[in-house]
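One structure is given below, encoded as structure tokens.
As the structure lists them, so they are numbered: ligands from 1, and atoms in each ligand from 1.
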Amino acid sequence: MEEVLYYSTRSDREPIKASQAILKGLSEDGGLFVPDHIPALDVSPAKLAGLGYKEVAYEVMKLFLTDFTEEELKHCIESAYDEKFDTEVIAPLVEAQGAYYLELFHGATIAFKDMALSILPHLLITSAKKNDVKNEIVILTATSGDTGKAALAGFAGVKGTKIIVFYPKNGVSPIQEKQMVTQKGDNTYVVGITGNFDDAQTGVKKLFNDKELAKEMDAAGYQFSSANSINIGRLVPQIVYYVYAYAQLLKEGKISENEKINVVVPTGNFGNILAAFYAKNMGLPIDKLICASNDNKVLYDFFATGTYDRNREFVLTTSPSMDILISSNLERLIYRIAGNDAGKNAELMAALSGQGKYEITEDMKKELKDFYGNYATEKETAETIAAIYDACGYVIDTHTAVAATVYNKYKKETGDNTKTVIASTASPFKFTRSVMNAIDSKYDAMDDFALVDELSKIANVTVPNAIEEIRTAPVLHDHVCDKEEMKTVVKDFLKMA
Ligand SMILES: *Cc1c(COP(=O)(O)O)cnc(C)c1O
């Protein structure tokens, strides 16, 4: 097997091995790590159709994480995709209204981030062992809601790691807060801060860059690491479910061997759709990559004009996990369409942080022909939820509804009837109120858990464990601190003070 090494998108430093890229997360020059080439999938369609999720995961990940042994990688996969998921299939494909919904929400926190965050801790501790890191890994995260819980669930109880999550005390939904503060596990610590998400994020970055703290931590046997979505340890596991979706379509006879499919992804940070793009470049027969945005439609404008411009109002929507104006993972695509030119990419990224925008060349724009971008308004998103429910009784969440809306627009515009997989990124139970209001405004009067029961009834779906648990779970974390106190809080938790 050919070795894959990882380059930074911002300078021509020596490339590093996969395990080193996972440990580092981000390159010192601020760039993201990218594979020096995209390996080709070497499984025949006939064989692929017979593989389960974990087997597909191995076939895909072994090609990217080439310095992991077979035993190491299989151990990571087995530890991640187990009973934490409520179905053995891990990522079921559901046919509804002329499309295939790839349900990525059957993990511990009922959102697609579980797909990567349930394996990242194992990739990380394996990487630490391989590189003779003796320190315990301390994951430090600031969250606006979803990532925090998915990271907590992934790292809880994983030996050799601790995780500290900071969230804005009054800036997350009641269900999100309840999910986090009820987190079990001696190695977990959840702290609310009196400030907004930016304060939490800035505070965490400061701790990461605190050289003195790093020294003290090292002396005490600790080092920080990040579970951020730009880590290749989060990107690579996401390629798997597109290959697996294709395998399921083959197995069920929905497509013929090598038949092309389209993929629709509700997009925020551009991680999920980039994984689909990598799957296509591995040789998986994907035709169009349809990028769906909500009212924060920076990406739609980018695909339409070639200019990425974050200078605009930030809109709060009912699909909050896509309320993003800087899609970090897009940098990997920019680097690639710039001809893997780190200098050129670094220039564009400097323009983004300086002026808040950049423009790509006509030649680069031509390289984007596989992508189609569009967006859904709040009204359209709600109408799509209601329309699909009315037509076939299937209930989708708000993020998935953004994707379904954009898919309808795409079909209308192009007449393209290629079979299509829509990434279903969250359970409707995670965004119950918005979903139920979309179906009928009468539900607005009910309280959160009554709504959950009503959704279960009308959708004929059992209430997921993740929601059942927090109904009665005791609060285990009630620490609140000021943003200036974050360092002290970390030291206290690590008993370093
Ligand atoms: C994070 C998230 C997204 C956006 O995914 P990206 O990889 O950041 O583009 C979409 N939907 C849900 C439910 C999410 O949690």
Side-chain angles (χ1 to χ4, degrees), residues 32 91 101-118 120 141-154 172-173 175-176 179-180 197 227-242 263-279 289-300 302-303 317-333 371 373 375-376 381 385 395-407 422-432 434-435 464 466:
L32 277 55
Y101 286 84
L102 178 62
E103 295 189 347
L104 302 172
F105 54 75
H106 289 272
T109 75
I110 58 176
F112 96 98
K113 290 184 177 67
D114 291 328
M115 303 302 295
L117 278 166
S118 47
L120 180 70
T141 306
T143 184
S144 56
D146 279 351
T147 306
K149 179 61 189 186
L152 282 164
V172 300
S173 81
I175 294 222
Q176 285 176 321
Q179 276 192 306
M180 289 191 280
F197 171 63
N228 198 290
S229 87
I230 44 85
N231 194 315
I232 62 143
R234 279 188 63 180
L235 183 60
V236 172
Q238 296 195 50
I239 302 170
V240 175
Y241 44 72
Y242 290 105
V263 166
V264 192
V265 186
T267 299
N269 226 353
F270 210 76
N272 199 355
I273 193 163
L274 187 75
F277 177 71
Y278 279 14
L289 298 147
I290 300 172
C291 176
S293 302
N294 62 21
D295 276 324
N296 295 291
K297 57 185 183 60
V298 212
L299 287 165
Y300 163 69
F302 170 69
F303 285 117
T317 72
T318 52
S319 45
S321 304
M322 296 159 67
D323 291 344
I324 281 178
L325 292 180
I326 299 186
S327 299
S328 317
N329 269 297
L330 184 67
E331 179 169 347
R332 289 189 164 107
L333 182 65
F371 289 90
Y375 72 103
T381 303
I385 293 173
V395 182
I396 58 175
D397 102 289
T398 45
H399 303 75
T400 310
V402 167
T405 306
V406 165
Y407 176 52
I422 297 178
S424 183
T425 50
S427 159
F429 285 94
K430 193 147 195 177
F431 300 94
T432 319
S434 303
V435 167

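- Nearest protein heavy-atom neighbour of atom 15 (O) of ligand 1: Lys113 NZ, 2.5 Å.
- Atom CG of Leu289 and atom CZ of Phe371 lie 5.0 Å apart (nearest 0.5 Å).
- For the residue pair Asn269 / Asn329, no side-chain donor-acceptor distance below 3.5 Å is found, with atom types taken as modelled.
- Below 3.5 Å of separation, one finds an N or O of Phe270 facing an N or O of ligand 1.
- Polar contact with ligand 1: present for Asn269 (N/O pair, distance under 3.5 Å).
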Stepwise side-chain contact (heavy atoms from CB on, under 4.5 Å) check, Lys113 with Arg234: CA-CA 9 Å; Lys113 290 184 177 67; Arg234 279 188 63 180; 3.7 Å; yes
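- Among the candidates Thr381, Asn294, Asp295, the single residue satisfying the side-chain contact (heavy atoms from CB on, under 4.5 Å) test with Tyr375 is Asp295.
- Closest protein heavy atom to atom 3 (C) of ligand 1: Phe112 CE2, 3.6 Å.
- The protein atom (non-hydrogen) at minimum distance from atom 11 (N) of ligand 1 is Thr425 OG1, 2.9 Å.
- The distance between the ring centers of His399 and Phe112 does not fall below 6.0 angstrom.
- In this structure, atom 10 (C) of ligand 1 lies nearest to the protein heavy atom Pro266 O, 3.6 Å.
- Between the CG atom in Leu333 and the CG atom in Leu32 there is a gap of 12.0 Å [rounded to 0.5 Å].
- Taking any N or O of Gly271, backbone or side chain, at least one lies under 3.5 Å from an N or O belonging to ligand 1.
- Using a 4.0 Å cutoff on heavy atoms, Ser229 does not count as a contact of ligand 1.
- The CD atom of Glu103 sits 10.5 Å away from the CG atom of Asp397 when rounded to the nearest 0.5 Å.
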Test side-chain contact (heavy atoms from CB on, under 4.5 Å) applied to Tyr241 and Asn272, step by step: CA-CA 10 Å; Tyr241 44 72; Asn272 199 355; 2.9 Å; yes
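- Which parts of ligand 1 touch Thr267 is read off a 4.0 Å heavy-atom cut-off, strictly below it: atoms 9 (O).
- Looking at Thr400, its side chain does come within 3.5 Å of a backbone N or O of Thr425 through a donor-acceptor pair.
- For ligand 1, the polar-atom distance check finds an N/O of Asn272 within less than 3.5 Å of one of the ligand's N/O atoms.
- Residue Gln238 has no N or O atom closer than 3.5 Å to an N or O atom of ligand 1.
- Of all atoms in ligand 1, listed by their number and element, those nearer than 4.0 Å to a heavy atom of Ala426 are 13 (C).
- The shortest N or O to N or O distance between Gly268 and ligand 1 is under 3.5 Å.
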